[in-house]
A.B. asks: 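Would you mind keeping the following structure in view while I ask a few things?
Side chains are part of it too, since the values below use all heavy atoms of this structure and drop only hydrogens, waters and symmetry mates. Every chain is numbered from 1, with letters handed out A, B, ... down the list of sequences.
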2 protein chains.
Amino acid sequence: MTQTPAKKPSRIQQRNRRAILDAALDVFSRHGYRGTTLDQIAEAAGLSKPNLLYYFEGKEDIHVTLLSQLMDTWLDPLVEMNPDGDPVSEIMAYVHRKLAMAKDLPRESRLFAGEILQGAPRIGPELQGHLKPLFDEKCALITTWVEQGRLPPLDPRHLIFSIWATTQHYADFERQVSLLMGEDEDTYASAAPHLDTMFRKMLGG
Amino acid sequence: MTQTPAKKPSRIQQRNRRAILDAALDVFSRHGYRGTTLDQIAEAAGLSKPNLLYYFEGKEDIHVTLLSQLMDTWLDPLVEMNPDGDPVSEIMAYVHRKLAMAKDLPRESRLFAGEILQGAPRIGPELQGHLKPLFDEKCALITTWVEQGRLPPLDPRHLIFSIWATTQHYADFERQVSLLMGEDEDTYASAAPHLDTMFRKMLGG
DNA sequence: TCGTGGATTTACCAAATGGTAAAATTTACC
DNA sequence: GGTAAATTTTACCATTTGGTAAATCCACGA
């Protein structure tokens, strides 16, 4: 057995690993993987660079750890879509959960966007392993809803893509959005009813 | 006057500048600004690195030149939206032009996406100067259409955001999309009717 | 064909960057 | 309080990378 013993981490370990990951999320999401330096992360975390590397094996290790940990949070809104609920309500609730996520976790959204944009070089397998099965499952669910006549005919895959695209847009392209909307306006407050109307009409029949 | 004389470029100048910009578009769109090296661009363009720098002042110069040249192409579909046409037809035509653009120019789409994602550090002014006025103009147009009762009440800004998001999604997140749809399937062929239905219902009243 | 200016290569360089070795310091536990 | 382990710092290093200087090559018009 070549398994790490994995003793429980000390208080210091916990605190510093958290600080590093939070700092790294901040920097990675703003500058991308290659645009981020270990020095930047170290400074943001309040540690020295060699001290970073005491907690993580290297830059890539930090990045992959972040992405992996985020994956669950990220997929959670979709997981919660309930097969026993009302189709329209379930999908609309999903839309609003996803929009709330873009609002509350914009750094996470941008981190993922950057990774996918560049071809998912470091989380491709994770996508295959976690996202794909969940996606297929929910597509099948929506398809049965359509077959039961509880939703109008539609392609569940593109529906989901549209939900992802429209909600994450506000986080991923925040710069552009705020530039066009005006800095002070509450973008999400007006986006919610718009998306609600749009998808409700789409599902209404 | 401190203006460059700007004699007409020689045949070699034209050929090489084109080759460099095309190579740079390829590499920048795949690896982002910081993830791209001059050596990569040089190799892709079939030139030596110092030779690159004979044609451009530096890495940033290449990047900015690319983005600036692309801006016009990028905004063109929106420019074409005709105030004198039928509102629904005009907007739907815009949706399809934008989708075609994502299909035909995915590298350009990803180049822009990467730049915006990181806060538009190099084309912020260009966005302000070109995109913003056009956006405001078209928003005003759509608003008059709504006021004339030719469109249902809606927020033109979020409508445009939704169009951008859903169409560019297929280029920017191509990796994820192809992973979830299956590599061989013609994604755009099935995306077109989906988006057509969705936005038509949105505009239908 | 010859000379000139444009184009290209060769040989570099300084700074940035990911990472390491080992000494020094702190912490936890007896 | 002492000691062993965990943590942090100091001092480095090799590679990568954007960029430059100067020599060389070459196309083209007179």
A.B. asks: Is it the case that B/Asn51 and B/Ser48 place a side-chain donor and acceptor less than 3.5 Å from each other?
C.D. replies: no
A.B. asks: Without decimals, in angstroms, what is the distance between A/Gln14 CD and C/dT27 P?
C.D. replies: 17 Å
A.B. asks: Which listed nucleotide (D/dT10, C/dT17, D/dG19) is nearest to the side chain of B/Lys49?
C.D. replies: D/dG19
A.B. asks: What's A/Tyr55 touching, base or sugar-phosphate or nothing? Going by heavy atoms closer than 4.0 Å.
C.D. replies: sugar-phosphate
A.B. asks: Just to be sure I understand the rule, does A/Leu38 reach a base, reach only the sugar-phosphate, or reach nothing, if contact means heavy atoms closer than 4.0 Å?
C.D. replies: sugar-phosphate
A.B. asks: Which nucleotide in the list D/dG19, D/dA6, C/dT9 gets nearest to the side chain of A/Tyr54?
C.D. replies: D/dA6
A.B. asks: How would you label the contact of A/Arg34 with the nucleic acid (heavy atoms, under 4.0 Å): base, sugar-phosphate, or nothing?
C.D. replies: sugar-phosphate
A.B. asks: Is there a donor in the side chain of B/Arg122 and an acceptor in the side chain of B/His63, or the other way round, less than 3.5 Å apart?
C.D. replies: yes
A.B. asks: Tell me what A/Ser48 touches on the nucleic acid: a base, only sugar-phosphate, or nothing, going by heavy atoms under 4.0 Å.
C.D. replies: base
A.B. asks: Can you confirm whether more than 12 heavy atoms, excluding those of A/Glu80, are under 6.0 Å from its CD atom?
C.D. replies: yes
A.B. asks: Can you tell me the pairing partner of C/dT20 across any strand shown, Watson-Crick or G-U wobble, with both distances under 3.5 angstrom?
C.D. replies: D/dA11
A.B. asks: Roughly how many Å is it from CG in A/Leu52 to P in D/dT9, rounded to a whole number?
C.D. replies: 11 Å
A.B. asks: Check this for me, if you would: do A/Asp22 and A/Arg18 make a salt bridge, where the nitrogen-to-carboxylate-oxygen distance has to be below 4.0 angstrom?
C.D. replies: no
A.B. asks: Is a donor-acceptor contact shorter than 3.5 angstrom present between the side chain of A/Lys59 and the base of C/dG19?
C.D. replies: no
A.B. asks: Hey, does the side chain of A/Lys201 reach the backbone of B/Met202 with a donor-acceptor pair shorter than 3.5 angstrom?
C.D. replies: yes
A.B. asks: Once you round it to whole Å, what is the distance between P of C/dG19 and CG of A/Asn51?
C.D. replies: 15 Å
A.B. asks: Rounded to the Å, how far apart are B/Ile41 CD1 and D/dG18 C1'?
C.D. replies: 11 Å
A.B. asks: Just how far, in rounded Å, is P of C/dG19 from CD of A/Glu60?
C.D. replies: 9 Å
A.B. asks: Atom CG of A/Asp39 to atom P of D/dT9: distance rounded to whole Å?
C.D. replies: 14 Å
A.B. asks: Counting only side-chain heavy atoms from C-beta out, which of D/dT10, C/dA7, C/dA11 sits nearest to B/Gln13?
C.D. replies: C/dA7
A.B. asks: Whole angstroms only, please: what is the CZ-P distance between B/Arg17 and C/dT8?
C.D. replies: 13 Å
A.B. asks: Separation of A/Leu53 atom CG from D/dT7 atom P, in whole Å?
C.D. replies: 15 Å
